[in-house]
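Note sheet for the following structure.
Chain letters run A, B, ... following the sequence lines, proteins first and then strands; every chain starts at 1. Because only heavy atoms are used, hydrogens play no part in the values below, and waters and symmetry mates are left out as well, while side chains stay in.
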Amino acid sequence: IAGITQAPTSQILAAGRRMTLRCTQDMRHNAMYWYRQDLGLGLRLIHYSNTAGTTGKGEVPDGYSVSRANTDDFPLTLASAVPSQTSVYFCASSDSSGRADTQYFGPGTRLTVL
Amino acid sequence: GQNIDQPTEMTATEGAIVQINCTYQTSGFNGLFWYQQHAGEAPTFLSYNVLDGLEEKGRFSSFLSRSKGYSYLLLKELQMKDSASYLCAVRDGDYKLSFGAGTTVTVRA
């Protein structure tokens with residue numbers, strides 16, 4: 001069982017380019033999340049999906065979009081990357097039917113926008 | 001908005017005890033989580049508190065006081081491998097997690 005996988009592991013991107021970060025989970029969790037982690041700011045929620053076919057905005061959604069066509073995949077797209085989107089991106093999932101609803105994180109994608 | 005505060009850094013000696021405090025002000029409360037994150041890695045779940053009191057799990061314990069908006073994570077018998085960042089996270093009234101900036105713990109021999 002792989003848990004959550006993310007691709008790519010790292011990427012250097014020119015400003016203005018379009019980029020999709022991939023996230024796949026094999027735990028059949030219904031909820032999935034995208035966070036960015038910046039030094040001194042902690043993890044901040046970008047977008048989330050409570051179940052396949054639905055998405056919602058988090059704390060810092062501007063410049064990002066997501067889709068949830070099925071249970072397993074939750075890609076994050078930067079339509080036109082800017083340097084302020086340089087960050088480490090973590091995907092997470094949870095079984096929201098559980099009492100604790102613990103979120104489990106993928107290994108992260110380190111993105112640099114020049 | 002959410003406000004979650006925890007110290008930036010702490011240093012302790014191998015075998016000692018360290019207590020990491022977390023205070024929070026959030027819109028609603030549906031549980032508090034502690035995660036451990038080693039440098040360059042993903043956060044991993046440590047503990048969950050939703051009722052007041054102490055939850056013990058091996059060398060790690062977590063305490064919650066909802067009336068005070070306060071939690072702590074206690075790490076006992078520190079080992080070198082415990083050097084990491086510890087993240088306090090609160091699930092708010094909308095069931096979204098808000099994270100503190102994290103406390104970097106350095107364990108010295």
Q. Measuring heavy-atom distances to chain B, does A/L43 have an atom under 4.5 Å in its side chain, in its backbone, in both, or in neither?
A. both
Q. Within the distance-only criterion (no hydrogens, no angle test), does the side chain of A/Y33 pair as donor or acceptor with the backbone N or O of B/K96 below 3.5 angstrom?
A. no
**Q.** Neighbour count above 12 (heavy atom, 6.0 Å) for B/R108 CZ
**A.** no
Q: Determine whether A/V60 and A/L21 fall in the same hydrophobic cluster, where Ile, Leu, Val, Met, Phe, Trp and Tyr are linked whenever their side-chain heavy atoms lie under 4.5 Å apart.
A: yes
Q) Minimum heavy-atom separation for A/P107 to B/A42, with atom names? A) CA-CB, 4.1 Å
Q: Report the distance from atom OH of B/Y35 to atom CZ of A/F105, rounding to the nearest 0.5 Å.
A: 5.0 Å
Q: Would you mind checking which part of A/E59 comes under 4.5 Å of any heavy atom in chain B, side chain (CB onward), backbone (N, CA, C, O), both or neither?
A: neither
Q) For atom CD1 of A/I12, is the number of surrounding heavy atoms from other residues, nucleotides or ligands below 6.0 Å larger than 12? A) no
Q | Neighbour count above 12 (heavy atom, 6.0 Å) for A/R17 CZ | A | no
Q.
Just checking A/R110: does its CZ atom have more than 12 heavy atoms from other residues, nucleotides or ligands closer to it than 6.0 angstrom?
A. no
(Q) Looking at every heavy atom in both B/Q37 and A/F90, which two are closest together, and how far apart are they? (A) NE2-CZ, 3.6 Å
Q.
Could you measure the distance from the CZ atom of B/F33 to the CD atom of A/Q103? Nearest 0.5 Å is fine.
A. 7.5 Å
Q.
Test of understanding: clusters of I, L, V, M, F, W, Y form through side-chain heavy atoms closer than 4.5 Å, transitively. Do B/L87 and A/Y48 belong to the same one?
A. yes
Q: Name the region of B/L97, side chain, backbone, both or neither, that has any atom closer than 4.5 Å to a heavy atom of chain A.
A: both
